Amino acid sequence: MLNWGFIGAGLAARAAMAPAVHQSRLGTLRIAAARDRRRAEALSPQKQSTDYEDVLADDAVDVVYISLSNESHLAWCVKALEAGKHVLCEKPLALSAAQVDRLAEAADRTGRTVSEAMWYRWHPRMRAAERIAASFGPGAHTEATFAVHRTDHANYRWDPARGGGALYDLGGYVLSAVLALNGWQAPRIVSSAMTTGPTGVDTSTTASLAWDNGATAEVHVSFTAERPHEVLDLRGAGEQLSLPDWPFSAVARDTVHLVHRHRSGRKAVSEYSDVNAYRLMVDEFNRVVSGEDGRHGESGELVERAWTMPLAESRAVAALSEAVAHEASSKEN
């Protein structure tokens, strides 16, 4: 059992991460810190605090989960690593590839693990999609969209100084998806465009991507969609792979599907019910930092190797996000 400490008690912590830690057989929520003590108490930890430093000072804490506004991630990740804690940090892990490099240096120096809480990557549907996509031939086309309708204009996501904007908030999902389905090879930016809102953040971003093997992708994120809309679809050489229902926001109560149309015309539909990807993420992170090789079956065989999102993948997403933003801004200027 690993002891977890939470820094921040926002929506992700309240609705998903605290319940996941409480449900885990591998971890317990020892302490939570929030500027408003009532928000910390709402997570039902063993101890509460209004001082983030109390989490780092607690010698019993093994893992720190960071759920703060985006511009705070780097500093608190480094502080937690230097305090001897493993770190799971909300997305985006960092606001640039250079910041991810700084985290990698701190993790190497301290001998601790830091990973991005891009929870949908732990969902067995997405894991299966990545495996199937590896068998697609060259020239496949990926469509990835995550569009929502945000009206919470007081939220930090609308503040450019705090890492706000659709690309930072939603782009990590679509960009990590297209990279994962294309073997984590870096694409070139064919075109990119941003719509800037009155607060100075991008309210929507679109980009066309291309790879040397002929693969292409179209990505779109938005805060101003009339209705929530998510797409993750891969097509190539008479074959199609689709995640038709909420690829980036499916919750445990949802029944979701993976549809694979083979070149032969055969259609295979896989159904996933009652999957708590946050719980899977917490359990897998616990296994990785505990040095376990993975999840074992009743007879002792290795069923699934322990996995957590590598920093190299977080860096690839950050670098692609920077490239998309740079291409869009260069056209504006």
Side-chain angles (χ1 to χ4, degrees), residues 6-20 32-43 48-52 55 64-77 87-96 99 116-120 144-176 193-206 219-230 246-251 277-278 281 314 317-318 321-322 324-325 328-329:
F6 278 31
I7 293 179
L11 179 60
R14 297 194 307 273
M17 279 298 296
R35 302 201 187 282
D36 182 341
R37 182 178 289 273
R38 291 171 299 179
R39 289 164 66 92
E41 290 173 348
L43 304 184
Q48 310 87 31
S49 175
T50 57
D51 187 345
Y52 299 158
V55 176
V64 170
Y65 166 67
I66 295 172
S67 179
L68 302 173
S69 52
N70 297 340
E71 87 289 357
S72 301
H73 290 180
L74 174 64
W76 283 101
C77 281
V87 179
L88 185 65
C89 179
E90 264 306 320
K91 56 79 191 167
L93 178 64
L95 298 180
S96 68
Q99 287 190 359
E116 185 172 14
M118 190 66 74
W119 65 272
Y120 89 101
T145 295
F146 196 173
V148 301
H149 185 72
R150 287 202 179 280
T151 58
D152 52 346
H153 293 112
N155 187 275
Y156 75 87
R157 291 172 176 85
W158 295 93
D159 186 348
R162 303 183 71 189
L167 185 59
Y168 277 138
D169 187 46
L170 306 175
Y173 291 97
V174 299
L175 296 180
S176 63
M194 284 181 167
T195 300
T196 303
T199 65
V201 302
D202 66 300
T203 56
S204 66
T205 295
T206 60
V219 298
H220 174 64
V221 292
S222 178
F223 280 172
T224 57
E226 292 185 5
R227 61 180 181 84
H229 183 50
E230 299 178 27
W246 310 115
F248 306 121
S249 65
V251 296
Y278 282 94
M281 177 174 66
S314 293
V317 174
S321 180
E322 286 183 281
V324 167
S329 63

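These numbers were taken from a predicted model, which means no experiment stands behind them.
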Open item on the list: Could you report the tightest heavy-atom contact between Trp119 and Ala277, atom names first, then the distance?
Closed with: CE3-CB, 3.5 Å
TODO: Say whether, by atom type as modelled, one donor and one acceptor occur between the side chain of Arg37 and the main chain of Gln48 under 3.5 angstrom.
DONE: yes
- [ ] Mark yes or no for whether His220, through its side chain, and Thr206, through its backbone, hold a donor-acceptor pair below 3.5 Å.
- [x] no
Open item on the list: Quick check: closest heavy atoms across Ala13 and Pro19, and the distance to 0.1 Å?
Closed with: O-CD, 3.9 Å
Task: Distance, nearest 0.5 Å, that separates CD of Gln99 from OG of Ser314 - done: 12.5 Å
TODO: Using a 4.5 Å cut-off on heavy atoms from C-beta on, say whether the side chain of Val324 contacts that of Thr205.
DONE: yes
- [ ] Could you check if a side-chain atom of Phe6 sits within less than 4.5 angstrom of a side-chain atom of Met17, using non-hydrogen atoms only?
- [x] yes
Task: Separation of Thr145 OG1 from Leu170 CG (nearest 0.5 Å) - done: 11.0 Å
- [ ] Would you sort out whether Asp36 and Thr50 count as a side-chain contact (heavy atoms from CB on, under 4.5 Å), showing the intermediate values?
- [x] CA-CA 6 Å; Asp36 182 341; Thr50 57; over 6 Å; no
Task: Short side-chain donor-acceptor distance under 3.5 Å, Glu90 and Tyr65 - done: yes
Task: Under-4.0 Å salt bridge between Lys91 and Glu116 - done: no
- [ ] Taking all non-hydrogen atoms of both residues into account, name the closest pair between Ala34 and Arg39 and its distance.
- [x] CB-CB, 4.2 Å
- [ ] Fit a plane to each ring of Tyr173 and Phe146, take the angle between them on a 0 to 90° scale, and name the class: parallel (under 30°), tilted (30 to 60°) or perpendicular (over 60°).
- [x] perpendicular
Open item on the list: I'd like to know whether CZ of Arg35 has more than 12 heavy-atom contacts from other residues, nucleotides or ligands below 6.0 angstrom.
Closed with: no
Task: Interatomic distance, Ser67 atom OG to Arg14 atom CZ [nearest 0.5 angstrom] - done: 9.0 Å
TODO: Answer yes or no: is there a side-chain heavy-atom contact under 4.5 Å between Leu95 and Leu74?
DONE: no
Open item on the list: Can you see whether Arg162 engages Ser69 through a side-chain donor-acceptor pair at a distance of less than 3.5 angstrom?
Closed with: yes
TODO: Starting at CD1 of Ile7, measure out to CD1 of Ile66 and round the result to the nearest 0.5 Å.
DONE: 5.0 Å
TODO: Report yes or no: do Ser249 and Glu230 form a side-chain donor-acceptor pair below 3.5 Å?
DONE: yes
Open item on the list: Do Val219 and Val221 have side chains that approach each other closer than 4.5 Å (heavy atoms only, starting at C-beta)?
Closed with: no
Task: Contact check, side chains of Arg157 and Arg150, non-hydrogen atoms, under 4.5 Å - done: yes
- [ ] Kindly give the heavy-atom pair with the smallest separation between Asn70 and Gly163, and that separation in Å.
- [x] ND2-O, 2.8 Å
Open item on the list: Just verifying a value: how many Å separate Met118 CE and Phe248 CZ, rounded to the nearest 0.5 Å?
Closed with: 9.5 Å
Open item on the list: Run the side-chain contact (heavy atoms from CB on, under 4.5 Å) test on Val201 and Tyr168 for me, step by step, so that the C-alpha distance in whole Å, both residues' side-chain angles and the decisive distance to 0.1 Å come before the verdict.
Closed with: CA-CA 10 Å; Val201 302; Tyr168 277 138; over 6 Å; no
- [ ] Show your working on side-chain contact (heavy atoms from CB on, under 4.5 Å) between Leu68 and Tyr52 and close with a plain yes or no.
- [x] CA-CA 11 Å; Leu68 302 173; Tyr52 299 158; 3.4 Å; yes
Open item on the list: I'd like to know if the side chain of Ser176 and the backbone of Gly172 have a donor-acceptor N/O pair within less than 3.5 Å.
Closed with: yes
Task: Closest heavy-atom pair and its distance - Thr199, Pro160 - done: O-CD, 3.3 Å
TODO: May I ask you to decide if Leu167's main-chain N or O and Asp202's side chain share a donor-acceptor pair within less than 3.5 Å?
DONE: yes
Task: Interatomic spacing from OG1 in Thr203 to CH2 in Trp158 - rounded to 0.5 Å - done: 6.5 Å
Open item on the list: For a quick test of reading the model, state the closest non-hydrogen atom pair linking Ala161 to Asp159 and the distance between them.
Closed with: N-OD1, 2.9 Å
